[in-house]
**Q** 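One structure follows; several queries about it will come next.
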2 protein chains.
Amino acid sequence: MKEIAVLGECCPQLLAAPLDEDDAELLATGFKALADPVRLRLLSLIANAPDLTACSCDLEEPVGKSQPTVSHHLSVLADAGLITKEKVGRWVNCTLVPERMAGLREALAV
Amino acid sequence: MKEIAVLGECCPQLLAAPLDEDDAELLATGFKALADPVRLRLLSLIANAPDLTACSCDLEEPVGKSQPTVSHHLSVLADAGLITKEKVGRWVNCTLVPERMAGLREALAV
DNA sequence: TGCATGCATCGATAACTGTCGATACATTGA
DNA sequence: TCAATGTATCGACAGTTATCGATGCATGCA
């Protein structure tokens, strides 16, 4: 199993050369995290927050989902490397990882 | 329901502004199509074929899936606007739609 | 006309996923 | 130490999805 970090680094394998099975799996993991409207809105909220960072507690109301559901989606985003979560006191700060976004973005270059 | 074509056009709503529910749904539909390793490999094969076009019959063996499964995935890609399918004689030619790829790509710009 | 072939559809099944209420955990403040 | 609060986890349920064998449909070829 390749490291997710590989994708975050410079210009991964894109569609300019046939994907092998491992690369496809790796990319699919990333896109799977983007394949849900609630997660896209969460990402959008975080991306538009100061320092690309938002408190988890400020995200439930805008997306209109329950606390466990938002927590679940944030974990999916974190597992996919799209955000990082840092616990500070009672709250959890979520920060966008632009490099990972760029990595997935580059994968779509034709 | 917004038209998929909207996304294919120039520079859609990206993460630079909070996504509304409809935009999120629209983008998620696209990424959902990308969220499977088999489909990514199919896209990759098509993208690397001459004229961005490949015969459906040449795709089953490389991805190692059954004919119905490949047919299903190609339909998903076509429904998402990522490829077009044209029946020519007994075969079906699949062609990549670079504009749609670019549309989803731009959505990830930070 | 009849046969071979490439593709789509159907039916079935197993696996995954989004959602939420209930609950447990941890941290802060009184 | 105790109560309040922000998160994570658990259990459950409904809906979706990936997969394939069997079958049907249409086209080209002999």
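Nothing here was measured: the structure is a model prediction, and the numbers come from that model. Just so we're on the same page: letters track the sequence lines, and every chain starts at 1.
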**Q** Could you check how far CG of Leu34(A) sits from C1' of dG18(C), rounded to whole Å?
**A** 16 Å
**Q** Report yes if some heavy atom in the side chain of Glu86(A) is under 4.5 Å from a heavy atom in the side chain of Thr53(A); otherwise report no.
**A** no
**Q** For Val38(A) and Gln67(A), take the nucleotide of DNA chain C holding the closest heavy atom to each; which residue's nucleotide lies nearer the 5' end?
**A** Val38(A)
**Q** Extract all donor-acceptor atom pairs below 3.5 Å that involve side chains of residues 62-78 of chain A and protein atoms in other chains or at least two apart in sequence.
**A**
| from | atom 1 | to | atom 2 | distance (Å) |
| --- | --- | --- | --- | --- |
| Ser66(A) | OG | Thr69(A) | N | 3.4 |
| Ser66(A) | OG | Thr69(A) | OG1 | 3.0 |
| His73(A) | ND1 | Arg39(A) | NH1 | 3.1 |
| Ser75(A) | OG | Ser71(A) | O | 3.2 |
| Ser75(A) | OG | Lys85(A) | NZ | 3.1 |

**Q** Just wondering, do Leu34(A) and Leu104(B) contact through their side chains at under 4.5 Å, heavy atoms?
**A** no
**Q** Going by number, which of residues 49-66 of chain B have a non-hydrogen atom under 4.0 Å from DNA chain D?
**A** Lys65(B), Ser66(B)
**Q** Return the angle between end axes of the helix from dT1(C)-dA30(D) to dA30(C)-dT1(D), with five pairs used per end and rounding to 10°.
**A** 30°
**Q** Does Lys32(A) put a side-chain nitrogen or oxygen below 4.0 Å from OP1 or OP2 of dC16(C)?
**A** no
**Q** Just how far is it from atom CG of Leu82(B) to atom CG of Leu96(B), taken to the nearest 0.5 Å?
**A** 7.5 Å
**Q** For His73(A), which contact category applies under a 4.0 Å heavy-atom criterion: base, sugar-phosphate, or nothing?
**A** sugar-phosphate
**Q** Can you pull the contact range of chain A along DNA chain D, 5' to 3', using atoms under 4.0 angstrom from its heavy atoms?
**A** dA4(D) to dT9(D)
**Q** Taking all non-hydrogen atoms of both residues, which atom of Glu25(B) and which atom of Pro37(A) are closest, and how far apart?
**A** OE1-CG, 3.7 Å
**Q** Below 3.5 Å is the cut-off: list the nitrogen or oxygen pairs between protein and nucleotides 25-30 of chain C, distance only.
**A**
none

**Q** Applying side chain to side chain contact (heavy atoms under 4.5 Å, CB included), name anything that partners Ala49(A), two or more places apart in sequence or on another chain.
**A** Ala54(A)
**Q** Do Val38(A) and Leu43(A) belong to the same hydrophobic cluster, where Ile, Leu, Val, Met, Phe, Trp and Tyr are linked whenever their side-chain heavy atoms lie under 4.5 Å apart, directly or via other members?
**A** yes
**Q** How close or far is atom P of dT9(C) from atom CG of Leu74(B), stated in whole angstroms?
**A** 12 Å
**Q** Is the shortest side-chain heavy-atom distance between Leu40(A) and Asp23(B) below 4.5 Å?
**A** no
**Q** Taking all heavy atoms of Leu52(B) and all of Pro98(B), pick out the closest pair and write down the distance.
**A** CD1-CG, 3.7 Å
**Q** List in chain and number order the residues that pass side chain to side chain contact (heavy atoms under 4.5 Å, CB included) with Cys57(B), two or more places apart in sequence or in another chain; answer none if no residue qualifies.
**A** Cys55(B), Trp91(B)
**Q** Could you tell me which residues satisfy salt bridge (charged side-chain N to carboxylate O under 4.0 Å, His left out) with Glu60(A), sequence neighbours excluded, listed by chain and number?
**A** none
**Q** Are side-chain heavy atoms of Asp51(B) and Thr95(B) found at a separation under 4.5 Å?
**A** no
**Q** Work out which heavy atom in Ala24(B) is nearest to a heavy atom in Arg41(A); give both atom names and the distance.
**A** CB-CG, 3.5 Å
**Q** What is the separation between atom NZ on Lys85(B) and atom P on dG6(C), rounded to the nearest whole Å?
**A** 17 Å
